[in-house]
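Contents: one structure, followed by commentary.
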Amino acid sequence: MHAHSFSPESAGIRRLFVLGLAAVSTLVGTWEMHRLLSARGTTVPEGVLLVLFALCFGWIALSFWTAVAGFLQLAVSKRLPGLRWPTAEESATRLTARTSVVMPVHNEDPASVFANVQATYESVEATGQLDAFDFYILSDSTRPEAWIAEELAWADLCRRVGGQGRIFYRRRTDNTGKKAGNLQDFCERWGRHYDFTIVLDADSLMDGRTLVTMARLMELNPRAGILQAPPLNVGRSTLFARLQQFAGRVYGPVVAAGAAAWQLGESNYWGHNAIIRTEAFIQHCGLPVLPGQQPFGGHILSHDFVEAALMRRAGYTVWLVTELGGSFEQPPPSLLDYAQRDRRWCQGNLQHLSLVAAGGLHPISRGHFLMGVMSYAASPLWLLFLMSGLIAGLYDGWLSFSNPHLLEDLGPEALAFDTTGAVRLFSVSMAMLFAPKCFGLLLALASSRDSARMGGRLRLVLSVVLESVLATLMAPVMMLFQSHFVFGTLLGYKVTWSSQQRDDADLPWSEAARRHAVHTTVGGVLSAVAFFLSPGLLLWLSPVVAGLLLSIPLSVFTSRASLGLWLERLGLLVIPEETEPPRVLERAQEVAEEHALEPVRDAVDHVLSDAKAHALHLALLESQPSPAAVPMALASARRKLLGDDVEPLSPPEKTAVLLDAHTLTEARERRLTLAVS
Amino acid sequence: MDSVTTPNTCPSVTTDWVRPETCVALDAFFQGFGFEAAEDLAALAAWALEGVTASNVKPQAAVALARARVETWLTRVLDMDVVGEGRLLTRGRAAFVLSDGARFGATVLTRDAVPRELSRALRAAVPVPVPAQVATLMPEQQLVLWPLGERLRRWLRAGQPDMSISR
């Protein structure tokens, strides 16, 4: 089936409004920049500068006009055309379709994962529609300890909620295709049991009413292939996370509503907190392997955009449904974790560049690929823009130095730089950058309930100012991080990153110094060069330079939960989900605190010494036959386990033992016998 | 955590003498169900060996007898239609341990009457990690990355296809 529009009639005018105005703004901005640069004629560095400016400004303009559309959409507060929503009568009926809720996990903290599943499960149960849902935890965990902890957590969860036969747990031994492969495996084994599948992430949490509404919308809109519920960042305490949560709550809806307003039925899929039409997904979204070498060839890394494009190509619509609510996830706790996540996503997004011209795709799907690329490529473009500016300045100075009569040859109008024009262009750029924040703030201020739940109007404004200052300071650091990732991907050098901070633990100064040493140095060099060229230029670059020079303390302090909680006590960066937490959030927190899981320090030792772990593991092994253990690893593990000398097992040996019921039984019997004798 | 502890008493509370290695094997078997108390293990060993000349029973044979008895008990209590060698025992044992059946003591297995509470808990605790599979294939989609180039390539009949490849 070829791509054709299923979007409502107003799609054209909406797209003309956003894309047209973004294009016109870019043209006007670029023309003005050209005028400013060409006072003494245009040099090659200035030409490069102009091209880079056009790209960066175009990106800002698109974001700005999307935010304008979002602001108008939210101000009017009318539902988007295209999707049929249930009437009150329809909402009261039972769901007829079957829906699976799947949560792919990979070496995650089981306490948090299963607390979220329990809260979501109970929330669905409270709607009275539980019969229409099944839950799957799809494990791709490779660490034996994570595997055993998940099994125990799953059994505990089933016991607590009576969920056997409704909450399922499957672990893959072969992790082909990573998360996309995990989902494909689910679809190929159990997908046909279900009309719809709700995909969650390991840190996702969703309100039961939202899940029911999503299933209902899918029932009522048979051409809808994917409905994406924008997730809200919640649940962390570090200053960095609280900045993300606040920004996501105040400005996020504006951006999301804007995107939904012009993309309509050609919206995007973010890989989680979304419902998909299972049969259509199975038939049309099997991911291809791309020709050529990495970074553009091979397995598709960021599967969600491609799946959305394939779904749309097959004639099904993809909607971003901003009205849904009840969709949550957790932000990264620190700047370094945020950057680490970006490192993973960067290659996947850049790979989409090779798909932009692929046959049969809807133009908006191509746009999504380009926007995904730009969300990372914008950083190196900005960096190159700054460097080109400096080079252009140096080149200009060198020209004047090498040819002292040059200035005499030019007219007086060429010597006078149009500072007013430059300030005007800079102000317009800044205004466009900060407009989504202003729109979000205005909407929050307009709602007395919302502003009261965010600490009151004054604190809300102060929070926006604080967030804006810190975000401005962190932006250049992210620019350098992302540029490093983009260049690393394109040039083929490996960007390694060993450490990972998963919880709200403080970031050590030594780690911050190691990660940000280059940023600080670049900040120093940049300020020296700018000052050498002109002290005024340094003033222009001060937001960039300050962020880089302060990157180490900024990273350390924003990773602190104590600072985040202190600001919360002051009523700053507070979101309504903290002052009046939804029941599902409270419940997830309660479950995580009440049912703390016993840590599994050594998976094999745990399974051999704990009767519950042993019995459960063997039962699961038998119910889900896995591929045989690697013979070499198993033989070596058996020698160590069943021999006279006690030797620690390596992770592959542990995995081999845990896959072999016979060895586990034998080793446990041997342990018990030895204990007696 | 139920750590491995083995009682230092032989479970030969019956009139017959039982080989020590048989005692150990039976203890290990019933410890797999979460029984830890020496008197429980002794009673269960006696139950397993009921009707046989215990002194002659070797460890493997004793465990086989115990398995058979427990399987009979599980079939009665769980009322489940489970096929396949060993599945009933493995899943039943998991259910027994998950519902902490050992807290009722050895009598839960040795007497005919099973507490209703345990019976209900056991049925609810039988691990069902996944439902029955409905195997299907997710066909790999084909993407022509640059249709114009592909047309040109075909026209020139040269080069590698500019197409996603099969896994």
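Chain A is the first sequence line, chain B the second, and so forth, proteins listed ahead of strands; every chain is numbered from 1. Side-chain atoms are counted along with the backbone in the values below, which use heavy atoms only and exclude waters and symmetry mates. Just so it is clear, the structure is predicted and the values come from calculations on it, not from any experiment.
At a 4.5 Å heavy-atom cutoff, A:C158 makes no contact with chain B through either its backbone or its side chain. Both the backbone and the side chain of A:I282 come within contact range of chain B, judged by heavy atoms closer than 4.5 Å. Looking at A:F281, the atoms closer than 4.5 Å to chain B (heavy atoms on both sides) sit in the backbone and in the side chain alike.
When each of A:H284, A:R159, A:R170 is scored by its heavy-atom pairs under 4.5 Å with chain B, the top score falls to A:H284. Between chain A and the residues B:A124, B:P127, B:P131, the largest count of heavy-atom pairs under 4.5 Å involves B:P131. For the set B:D100, B:L148, B:L137, B:V134, the entry with the most heavy-atom pairs within less than 4.5 Å of chain A is B:V134.
Looking at A:D140 and A:K179, no side-chain N of the basic residue comes within less than 4.0 Å of a carboxylate O on the acidic one, giving no salt bridge. Using a 4.0 Å cut-off between charged side-chain N and carboxylate O, A:D131 and A:R166 make a salt bridge.
A side-chain donor-acceptor contact under 3.5 Å links A:E151 and A:H617. For the residue pair A:R192/B:T136, the side-chain donor-acceptor check at 3.5 Å is satisfied. With hydrogens and angles left out, the side-chain atoms of A:Q351 and A:S302 include no donor and acceptor closer than 3.5 Å.
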